[in-house]
Amino acid sequence: MRSATALTTFATAFAARGYLPHQRLARDASGRTKKRLKNERHLGNALTEHVEKFALSKEEEWESPANGLKYTLQTQTMSDVGKTTHVIRSLDWDRDRFDIEFGLEKGTTYNSYVIEYGDNKVVLVDCSHEKFETLYMDALLELIGDMKRIEYIVCSHTEPDHSGLIGKVLETATNATVVGTKVCLAFLDNLVQKEFKQMVVKGGDAIDLGEGRQLKFIPAPNLHWPDTMFTYDTESELIFTCDAFGAHYCTEDVFDQSLQKLKPHFSFYYECLMKPNARSVLTALRKCETDGAKLSTVCTGHGPILKLNSDELIGDYKKWSEKALEKAKASVAVFYTADYGYSDRLSQSVARGIVKTDCEVAMIDLSTCDAQQIVEEVGRASGIVLLAPPNANEEIQDNIGVLIGAVKPGKQKILVAESYGGDDEPVDPLMRKFAEIGLQESQFPLKCQEAPTEGTYQEYEEAGTDLGQLLTQKEKLKEMKSGMSADVARALGRVSGGLYIVTAVQGTAKSAMVASWIAQASFEPLGFTIAVAKDRAIESLMQVGDSFVLNCLGEDGFEAPMKHFLKRFPPGADRFEGVDWKPAKCGSPILADAVSYVECKVVSRMDANDHWIIYSEAVDGGVFNQDAKTASHFRKVASYY
Ligand code: FEO
């Protein structure tokens, strides 16, 4: 184990390899690094003891094969974040997106942990993204000296940002056994594609590190992937939670000392990834409590380690999840098959669409659930989503039989969708089985004939939203009528607006909406706000950093475009079919019917209960008709658009 003296050597060794000890940054680094250093001056007293144990690598440039843009990568190592436990943080400074729905404002980090124990042995908890191969492998070797010291690699979950380098590590860590849940190791087999020593663990299992120290495993399915588990070190009292409690927030703050800055990223991350799994969040928190796992220092897979504000931040997860379930006006059971095609990814898109409508979602993996769980989940659901399972799996087919037997004819709506797994049970006959026993389909089965693109995920998300709206519309109308003062609604209805079409494109995903709740909000920069209902499809394309076009309609001729874009489009439908448009610089459509357009970039978003208030900067624009007046929108009451 490293002593205090060894740690001084640690800093010197890093310097020799081009790593920068923390104190040298002000002299050596670029402007951006100086700015980061300024943040570090706010390190709390509790952390100053760590400063000399902190090292940053040189920066590397990485070119994205997807868009040809260049991104800055760097690693940061800090020793003794807990007893004999060290962290290697892969700093992805400029990453701007995680899947279609998740715009990143401050990059992200992928955190990997090294636990030293016993006779010079090491447990590695998660790795990094493969684009960090050289930086990460250098940092790991520098930290542990000999890859053969690694006895165990704990794989908390198998998305490539945490496990992309496990295969690379295994090439030299020849003593290592990979530890994970059954689903996780099945995923990893596909990813690594060569044999490795493995140990399947389940809830209640532990690895004995000697002298009473144990690593206890706590499955946390759906946080946010079916294979996820937490690991608790009984000696250091650190808990390793991978995606859960994380934040896409890249700074040199190893810990959560800058709560005010962290909070918006922390809550946005929860909203996008964890809210669709609110029930699983509460189950995982309960399991931690019953297993005696403290959540005082939470070693996350993204962003800072939660230590100084862990009570508040973990409390937020509990509070937000309870609120999501409390607010839920209906419940939907989503059945998918982990480790089959795109079933889990597509099911998450549907779930995200559903929660936009204040429905609760229960995610059930057909490959691991039992009959009792199916019956219970179906019993409390008013909607069912079924991602086509593999045709040839008998166990799963038995579960489908249980599902068909458990549904409530005439009382539930169903959505069936393909998984693009290569052996999908055909969705039309599958749907017919449910229709024959009296279940009403929310729409035709979703088809996925090629590897999913942004457009496919958008389609699945929109189908989820449509199903959620169908299940909640009566309840919402009732609530709206009972909660509103008629006088106030009439008075507020006198506030008028203009008429606009907002258009946005990302990859193959395209969307548009009619908007009237728009107001200029700043001179410098030229900025304005727009209110977007949370269950609008276009909301996913208006994350911080995203671009869109605001098309202003004129007093003359606004009716046709307004009528077109007010239509209810089926999920994934091309809203621009038959519409005359050309792309703005950002690619979003400028409509030929507009009298002017403004190209905009989203700067921030504010939660306004059932709407997002999106503040954006105007970056470009043009007027097509100098004489035209902007169309006005007048209402009598404020209870509808
Ligand atoms: Fe951070 Fe689900 O990977």
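Positions are given from 1 along the sequence. This is a predicted model, so every value here is computed, not measured. Only heavy atoms go into these numbers, but all of them, side chains included; no hydrogens, no water, no symmetry mates. Every number for a ligand or one of its atoms is a count from 1 in the order of the listing.
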Shortest-distance N/O/S atom, Glu159 versus atom 2 (Fe) of ligand 1: OE1
Atom name of the N, O or S atom in Asp161 that lies nearest to atom 1 (Fe) of ligand 1: OD2
Tyr270 and Trp320 aromatic ring geometry - parallel, tilted or perpendicular at 30°/60° bounds: tilted
Geometric class of the Phe132/Tyr110 ring pair [parallel <30°, tilted 30-60°, perpendicular >60°]: perpendicular
His157 and His224 aromatic ring geometry - parallel, tilted or perpendicular at 30°/60° bounds: perpendicular
Metal site angle (apex atom 2 (Fe) of ligand 1), OD2 from Asp243 and NE2 from His157, 10 degrees: 80°
Electrostatic pair Lys83:Glu237 at N-O distance under 4.0 angstrom: no
Presence of N, O or S from His162 under 2.8 Å of atom 1 (Fe) of ligand 1: yes
